[in-house]
Amino acid sequence: QVQLVESGGGLVQAGGSLRLSCSPSGRTFSTYAVGWFRQAPGKDRDFVAAINWSGGSTSYADSVKGRFTISRDNAKNTVYLQMNTLKPEDTAVYYCAGRPSTVVITTSSGYNYWGQGTQVTVSS
């Protein structure tokens with residue numbers, strides 16, 4: 001069983017930045033495709049960004065393009081989500097997900113493993 005651990009969430013003012021991190025416990029991440037999803041209260045869990053195993057291919061939701069950047073450092077066994085120019089509508093619990101795969105996966109059903117989530121709150 002792979003456990004994913006997110007960190008880096010918090011409270012930030014609109015226009016600010018946060019960087020989320022996702023790492024697996026007890027497993028190497030280098031062969032995993034990883035995605036970030038978010039869920040606001042009363043809403044569905046939505047795709048945010050995804051990256052393939054090597055970091056050479058990425059995908060973003062239209063709502064975050066140009067503001068968020070997904071990246072990975074396989075030597076550190078960590079995937080990052082850099083979030084800039086944050087807006088109040090970015091407020092949600094952010095989850096990372098992983099699956100052994102060479103391709104980018106943008107659907108939640110495509111992932112085997114999930115983290116517990118980290119809260120991001122953007123104040124206006």
Side-chain angles (χ1 to χ4, degrees):
Q1 184 73 15
V2 177
Q3 290 185 316
L4 304 183
V5 179
E6 304 99 334
S7 62
L11 173 64
V12 64
Q13 288 189 329
S17 297
L18 284 173
R19 188 177 77 161
L20 306 183
S21 299
C22 174
S23 296
S25 60
R27 188 70 61 95
T28 180
F29 230 6
S30 62
T31 60
Y32 279 59
V34 177
W36 285 97
F37 294 78
R38 66 187 181 186
Q39 188 166 21
K43 295 190 177 181
D44 294 334
R45 187 172 297 187
D46 292 330
F47 168 72
V48 176
I51 192 166
N52 74 332
W53 67 280
S54 68
S57 182
T58 59
S59 181
Y60 296 92
D62 287 343
S63 59
V64 306
K65 278 181 183 176
R67 300 188 299 123
F68 290 12
T69 302
I70 189 170
S71 62
R72 66 191 304 156
D73 185 338
N74 285 341
K76 295 184 178 180
N77 221 25
T78 302
V79 171
Y80 304 99
L81 184 69
Q82 178 67 44
M83 305 186 296
N84 298 329
T85 320
L86 282 160
K87 305 175 181 180
E89 51 264 43
D90 294 317
T91 296
V93 177
Y94 283 70
Y95 299 89
C96 74
R99 173 179 179 152
S101 175
T102 60
V103 300
V104 172
I105 303 171
T106 61
T107 58
S108 59
S109 60
Y111 288 98
N112 301 108
Y113 306 109
W114 291 83
Q116 298 279 57
T118 185
Q119 177 70 46
V120 171
T121 303
V122 184
S123 64
S124 57

Distance, nearest 0.5 Å, that separates OH of Tyr60 from CZ of Phe47: 9.0 Å

For Ser59 against Val104, the heavy-atom pair lying closest together: CB-CG1, 3.8 Å

Contact check, side chains of Val120 and Leu20, non-hydrogen atoms, under 4.5 Å: yes

Any donor-acceptor N/O pair, Glu6 side chain to Cys96 backbone, under 3.5 Å: yes

Interatomic distance, Phe68 atom CZ to Thr85 atom OG1 [nearest 0.5 angstrom]: 9.0 Å

Which atom of Ile51 lies closest to which atom of Val79, heavy atoms considered: CG2-CG1, 4.3 Å

Nearest-0.5 Å distance that lies between atom CD in Gln82 and atom CD1 in Ile70: 12.0 Å

Of all pairs that satisfy salt bridge (Lys or Arg N to Asp or Glu O under 4.0 Å), the ones with a partner from residues 81-97, not counting sequence neighbours: Arg38-Asp90, Arg67-Asp90

Thr91 side-chain N/O to Val122 backbone N/O, donor-acceptor pair under 3.5 Å: yes

Donor-acceptor contact present, side-chain Asn77 to main-chain Arg27, <3.5 Å: yes

Over all atoms of both residues, closest heavy-atom pair of Leu18 and Gly8: CD2-O, 3.8 Å

Pairwise distance CG(Leu4) to OG(Ser25) - rounded to 0.5 angstrom: 7.5 Å

Minimum side-chain heavy-atom gap Gln13-Leu86 below 4.5 Å: no

Residue Gln119 excluded, over 12 heavy atoms near CD under 6.0 Å: yes

Minimum heavy-atom distance Phe37-Ala97, with the two atoms named: CE1-CB, 4.3 Å

Aromatic Tyr80 / basic Arg19 pairing, under 6.0 angstrom, 45° off normal: yes

Nearest-0.5 Å distance, OH of residue Tyr111 to OG1 of residue Thr106: 7.5 Å

Flag side-chain contact, heavy atom, 4.5 Å: Val93 against Tyr95: yes

Nearest-0.5 Å distance that lies between atom CH2 in Trp53 and atom CG in Asn74: 8.0 Å

Where Ala14 and Pro88 come nearest, the two heavy atoms and their spacing: CB-CD, 4.1 Å

Polar side-chain atom of Tyr113 near backbone of Pro100 as donor-acceptor pair, under 3.5 Å: no

Thr78 side chain to Lys76 backbone, donor-acceptor under 3.5 Å: yes

For Leu81 against Ala49, the heavy-atom pair lying closest together: CD1-CB, 4.0 Å

Sequence-distant partners of Tyr32, ring-ring contact (aromatic ring centres under 6.0 Å, His included), two or more places apart: Phe29

Min side-chain heavy-atom separation Val103-Asn52 under 4.5 Å: no

Side-chain donor or acceptor of Asp73 paired with backbone N/O of Ala75 under 3.5 Å: yes

Criterion side-chain contact (heavy atoms from CB on, under 4.5 Å) on Arg45 and Trp114, from CA distance to verdict: CA-CA 12 Å; Arg45 187 172 297 187; Trp114 291 83; 3.3 Å; yes

